[in-house]
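What follows is a short report on a single structure.
Every value quoted in this text rests on a predicted model; they were computed, and no experiment measured them.
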Amino acid sequence: MKLAIVGGGPAGLYLSILLKRQDPSHAITVYERNPAGSTYGWGVTYWAGLLDKLRAGDPESAAAVAEASVSWTDGVAIVRDERTVHRGDAGFGIGRRRMLALLADRAEELGVHLEFEHEVPGPEAPELADADLVVAADGVHSALREAHADHFGSKVTTGRNHYVWLGTTKVFDSFSFAFKETEHGWIWCYAYGFSGERSTCVVECSPETWTGLGLDTRDEADGLRLLEKLFHDLLDGHELIGRERADGAARWLTFRTLTNRVWHRGNLVLLGDAAHTTHYSTGAGTTLALEDALGLADALRGHAALEDALSAYGEQRRSALVSAQSAARYSAQWYEQLPRYMRLEPARMFALLGQRHSPLLPYVPPQLYYRIDRAADQLEALRRLKRWLGPRVARAVHGRR
């Protein structure tokens, strides 16, 4: 087959590796609009289960990713200047630029052709004309998808809160949170290491806090100094770094959740953020994109007819994403309703932070939910009732809207 992959992010590069390993005779070209080594963001997160899947897909790139990653086991939260620690499962962080470089090197080693600084404006571009398969891995603003948005049934919902991706020279050895109350409302930060020199900091707040603090009008340097002052105990005197891209300053955004009813049209198929997005607070975006690549490669190997393979891929991945998208939706809602939980003492608030994916939590008073959750740890019958009741309460509430 001749394959054109538009987008040189983790999903597109990893798919090229998988398909080239399946059949070295495939002619695969990855088109990336940005220069080599240029990317947005700082670090990405994943959990141990992803490494197992990557090892099965391509042991060489999995080993390189694992070696370049840092890990943590604890979560730390600073709430009203009180520090709370939660023991949890191992998580991993890796620099996005480093991950892309490792995947690009592996792809080229296998014979994939990479073309950087090559914009593909849409599905009618001449470089796609004779491709047997065209993969739209060009992100949430995918030009290939937007050309046929009605066919794909694309739907975008915009979150309420504002957020910004930043870096810092403070190297965190745990996944850390800080929640600060200001005269204009709460503002908070998620922080995690991704190398021995840098960490990612994501700052989020409500629209009222954003405008009240003047973050909508301050220039970047002034905004960063304010955030450094607010989160001084988290950063231990380290600076925040705002320029996440070579072509401009980091920007405050509102999150766009993308879904698509179908994932392919003829020989054009969606992958990664071009197909779906999930709220960053679950830390699952890169994992889900790489799992898309694994799913598409499996479908192409398991079906002789391209149409059958692409249909099976879309059905399998949409089904697999249901729980992740639900968790992301409730996680985003938890942060949008943050003041509801900040009356709790810090240790209890942090416990409910860990429960933010629950469909039951938004509909039960936080103190009561906390007691039920603690009791459920001891009583299996109550734990089953909680699992049964959550989705039913959520459906009933949504049905009245």
Next item on the list: Kindly write out the residues that satisfy salt bridge (charged side-chain N to carboxylate O under 4.0 Å, His left out) with Glu109, not counting sequence neighbours, or none if the list is empty.
Entry: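 With neighbours one apart ignored, the set is Arg106.
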
Considering only heavy atoms from C-beta outward, does the side chain of [X] approach that of [Y] to under 4.5 Å?
X	Y	value
Leu114	Phe116	yes
Pro123	Val134	no
His276	Leu321	yes
Leu227	Leu166	yes
Thr286	Met99	yes
Arg356	Leu353	yes

Next item on the list: Give a yes or no on whether the ring-centroid distance for Tyr330 and His357 is below 6.0 angstrom.
Entry: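 For Tyr330 and His357, the ring centres are not under 6.0 Å apart.
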
Item checked: Phe177 and Trp188 aromatic centres sub-6.0 Å ->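 Ring centres of Trp188 and Phe177 not closer than 6.0 Å.
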
Margin query: Looking at every heavy atom in both Ala4 and Leu128, which two are closest together, and how far apart are they?
Written below: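 It is CB-CD2, 3.6 Å.
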
Check: Given the rule in the side-chain contact (heavy atoms from CB on, under 4.5 Å) test, do Val120 and Leu144 qualify, once you have shown the distances and angles that lead to the verdict?
Finding: CA-CA 8 Å; Val120 178; Leu144 275 67; 4.3 Å; yes

Notebook entry, point to check: Could you give all pairs that pass the salt bridge (Lys or Arg N to Asp or Glu O under 4.0 Å) test and reach residues 154-176, with sequence neighbours left out?
Noted result: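 Checked against salt bridge (Lys or Arg N to Asp or Glu O under 4.0 Å) - neighbours excluded - the pairs reaching residues 154-176 are Arg160-Glu208, Lys170-Asp236.
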
Check: Can you list the residues that meet the side chain to side chain donor-acceptor pair (under 3.5 Å) rule with Arg21, with sequence neighbours excluded?
Finding: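 Side chain to side chain donor-acceptor pair (under 3.5 Å) list for Arg21, sorted by chain: Asp58.
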
